[in-house]
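Structure, as structure tokens:
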Protein chains: 2
Amino acid sequence: MTTPRRSDQTKTAILRAARERFAAHGYERTTIRAVAADAEIDPSMVMRYFGSKEQLFDAALAVDLRLPDLGAVPARQLPATLVRHFVERWEGDPADDALLVLLRSAVTNEQAAARMREVFATQVAPALAAAIGPERAARTAGLVAAQLLGLALTRYLLALPPVAALPPEDLVNGLAPALAATLAG
Amino acid sequence: MTTPRRSDQTKTAILRAARERFAAHGYERTTIRAVAADAEIDPSMVMRYFGSKEQLFDAALAVDLRLPDLGAVPARQLPATLVRHFVERWEGDPADDALLVLLRSAVTNEQAAARMREVFATQVAPALAAAIGPERAARTAGLVAAQLLGLALTRYLLALPPVAALPPEDLVNGLAPALAATLAG
DNA sequence: CTCTCATGTCAACAGCTGTTGGCCAACAAT
DNA sequence: ATTGTTGGCCAACAGCTGTTGACATGAGAG
């Protein structure tokens, strides 16, 4: 029986607007005034509900990769499964900008970088450990993350033409062999 | 016989300080006042010599990857050669921050992103075309760039522990097979 | 109706930003 | 010695930033 406060609506509107701005322009270029305007409320409400710009940012950084149980995936399909999952995650729900927020901000903001490392340590590394065993997991997961983040970087943030233009399925076919080589060790 | 103006010294001091700041903190967090303080001159001098913060930034973005003639490299050694070249390029001369400036800023600054695409189109893609032929060059170069930039991202910007801790030679051994798979197509 | 508290607005603050123009000192050429 | 030019500093501007506190308004409980 959670008491439904009317303000929850406003609060989520702010968070939604904040995610959009942070995802599109990064931490420093995003102003509280702009977020408030998007949410159609006064800037001071942002402070009341989130305390400060930093805390608002922190709330916008919540990310769940929703990785499936990789231990249940046949080794041969592992590379393609990984690429496909992340491509879908990036391109799936346009309203779910959390991943973009994290990556874009982590490059210039230490707070976001720390969160990135945390997501890696608590979500990526363990998931991969279930598939290839704990010994090689850390190192291999690092290299896998490098390749997947490299894809996201060049496709969604830099928009390198050859990478940005590729249809999703070509991405899977193009990167899966490379991932396979890394996973094989 | 270029007349050696005394101000050239100051100008390069400014550019050097600007590169350091841009590389460490990105475009928006870098202030002209801080750059001027590092160069031990007045902020207004920065304006006089470079016109504006944007133009100073533009000057700091000049990058030469110094890629060797990849057509002369045996196909088998191509992957390792590429990884080694870039790792050395990143870690070689600490005073040469241009690469870091470019990558760090390109994520939140469209001007830098455009420069990144330009560097890719004029330096990376042609160099690779010399090694694997022009037909597959663009697409393959894109995927190669994704992997190499992914490495730089996770190692130098995000500092993901497993990637940042790897000795350079392990990076080469770890990523070369993946690159080989991509190059093989 | 009245009291109360949650929800929201308004105006202002202090600080930092890029940028500008006026002024000063040193030096080279006449 | 006088002039013009170059290299440099200082003080100030207008704009935007995060943040704050005082004040209005609405609804719901007694």
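Lettering follows sequence order; numbering is per chain, from 1.
- Ala59(B) is linked by a side-chain contact (heavy atoms from CB on, under 4.5 Å) to Leu15(B), Phe50(B), counting only residues two or more places apart in sequence or in another chain.
- Using a 4.0 Å heavy-atom criterion, one finds that Tyr49(A) contacts the sugar-phosphate atoms exclusively.
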Worksheet item: What does nucleotides 11-28 of chain C look like as a protein-contact string, B for base, S for sugar-phosphate only, - for none, at under 4.0 angstrom between heavy atoms?
Response: -B----BBBBB-------
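- Within the structure, the ring-ring contact (aromatic ring centres under 6.0 Å, His included) test picks out the following pairs touching residues 87-128 of chain B (sequence neighbours left out): Trp90(B)-Tyr156(B).
- Judged as a salt bridge (charged side-chain N to carboxylate O under 4.0 Å, His left out), the pairs with a partner in residues 75-92 of chain A (not counting sequence neighbours) are, in order, Arg84(A)-Glu169(A), Arg89(A)-Asp96(A), Glu91(A)-Arg155(A).
- Residue pairs meeting the salt bridge (charged side-chain N to carboxylate O under 4.0 Å, His left out) criterion with at least one member in residues 135-149 of chain B, sequence neighbours excluded: Asp170(A)-Arg139(B).
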Please report, to 0.1 Å, the donor-acceptor pairs under 3.5 Å made by any side chain of residues 67-74 of chain A, with sequence neighbours excluded.
| from | atom 1 | to | atom 2 | distance (Å) |
| --- | --- | --- | --- | --- |
| Asp69(A) | OD1 | Gly71(A) | N | 3.0 |

